[in-house]
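What follows is one structure encoded as structure tokens, with my remarks underneath.
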Amino acid sequence: MLERLNADEIESVLAHELGHFKHHHVIKRIALMFLMSFLGLALLGWLINQPWFYTGLGVTQASNYMALILFLLASPIFLFLLRPLMASYSRKNEFEADSYAATHASAKNLIEALVKLYRDNASTLTPDPLHSAFYDSHPPASIRISKLAAYAS
Ligand SMILES: [Zn+2]
């Protein structure tokens, strides 16, 4: 990245990353993961004592080990439903970091850096909106750049 971007573009990218720091995104994410882990373990602790949890998944021998295995097998199905929420939260953080970069560095330079990075990564500039809303942790390039362009003008 240092070879591809000029000093002004690097400054804007750095300002974006500092925006994540300024808005405490990393600490908030760690706290959220801690909370979700706690809730997941509390749910597991409750499910261990529920006979329907074992019989519903076709198991007749209830045990702590079996509960853990069943929980690890079944939980991704339910966590999948949380994915759009997590992606939306992440995209919101990206917009906040972009806003910070636009006000403390240069939106124009960040746009130029993003275009180079998207080109180098061969990322699509026109992702499917539904797929993007469900999976993408970063906003689509066109939306991100148009918001930054509003700062630049
Ligand atoms: Zn970011």
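- Taking the side chain as every heavy atom from C-beta outward, Y54 and L47 never approach each other to under 4.5 Å.
- By the 30° and 60° cut-offs, the orientation of the rings of Y135 relative to H131 is tilted.
- Applying the side chain to side chain donor-acceptor pair (under 3.5 Å) criterion to K28, with sequence neighbours excluded, gives no partner residue.
- Cluster membership for L148 and L5, using ILVMFWY side-chain heavy atoms within less than 4.5 angstrom, is shared.
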Step-by-step side-chain contact (heavy atoms from CB on, under 4.5 Å) determination, L35 to L39: CA-CA 6 Å; L35 178 67; L39 291 174; 4.1 Å; yes
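- Inspection of the Y151 and T103 side chains reveals no N or O donor paired with an N or O acceptor under 3.5 Å.
- Looking only at distances, no side-chain donor or acceptor of R91 sits under 3.5 Å from a matching main-chain atom of P140.
- Follow the hydrophobic side-chain contacts under 4.5 Å out from Y100 and you never reach L114; the two are in separate clusters.
- One N or O on the side chain of S146 and one on the backbone of S142 form a donor-acceptor pair closer than 3.5 Å.
- With rounding to the nearest 0.5 angstrom, the CD atom of E96 is 10.5 Å from the NE2 atom of H16.
- Residue L73 holds its CG atom at 9.5 Å from CG of L68, rounded to the nearest 0.5 Å.
- With rounding to the nearest 0.5 Å, the separation of CG in L70 from OG in S75 is 10.5 Å.
- Counting heavy atoms from C-beta on, the side chains of W46 and L43 come closer than 4.5 Å.
- Connection of M36 to L41 is not established within any shared hydrophobic cluster, with ILVMFWY side chains joined at heavy-atom distances below 4.5 Å, either directly or through further cluster members.
- Within the structure, salt bridge (Lys or Arg N to Asp or Glu O under 4.0 Å) contacts touching residues 129-150 (residues at least two apart or in different chains) are E94-R144, D98-R144.
- Note on V115: it clusters hydrophobically with L125, by side-chain heavy-atom contacts below 4.5 Å among ILVMFWY residues.
- A heavy-atom distance below 4.5 Å is not found between the side chains of D8 and K108.
- Atom-to-atom distance recorded for L18:CG and H23:NE2 is 11.0 Å, nearest 0.5 angstrom.
- The cluster map of Ile, Leu, Val, Met, Phe, Trp and Tyr, joined by side-chain heavy atoms under 4.5 Å apart, puts L110 and L14 in different clusters.
- Each of T126, N121, D128 was scored for a side-chain contact (heavy atoms from CB on, under 4.5 Å) with T124, with one residue passing: T126.
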Apply side-chain contact (heavy atoms from CB on, under 4.5 Å) to residues K22 and H104 and explain how you reach the verdict. CA-CA 11 Å; K22 176 70 177 172; H104 291 83; over 6 Å; no
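- With sequence neighbours excluded, no residue satisfies side chain to side chain donor-acceptor pair (under 3.5 Å) with R119.
- Heavy atoms of other residues, nucleotides or ligands lying less than 6.0 angstrom from CZ of F134 number more than 12.
- Heavy-atom minimum distance, A87 versus A133: CB-O, 4.1 Å.
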Does the side-chain contact (heavy atoms from CB on, under 4.5 Å) test come out yes or no for E17 and H20, once each step is laid out? CA-CA 5 Å; E17 299 308 329; H20 283 304; 3.5 Å; yes
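- Within the model, atoms CD1 of I143 and NE2 of H138 stand 14.0 Å from one another, a figure rounded to the nearest 0.5 Å.
- Using a 4.0 Å cut-off between a side-chain N of Lys or Arg and a carboxylate O of Asp or Glu, E112 and K116 do not qualify as a salt bridge.
- Checking side-chain atoms of S37 against main-chain N and O of M33 turns up a donor-acceptor pair under 3.5 Å.
- For the atom pair CD1 of I48 and CE of M66, the computed distance is 12.5 Å after rounding to the nearest 0.5 Å.
- Looking only at distances, a side-chain donor or acceptor of S12 sits under 3.5 Å from a matching main-chain atom of S106.
- Of all the heavy atoms in H25 and A97, the pair that sits closest is CE1-N, 4.4 Å.
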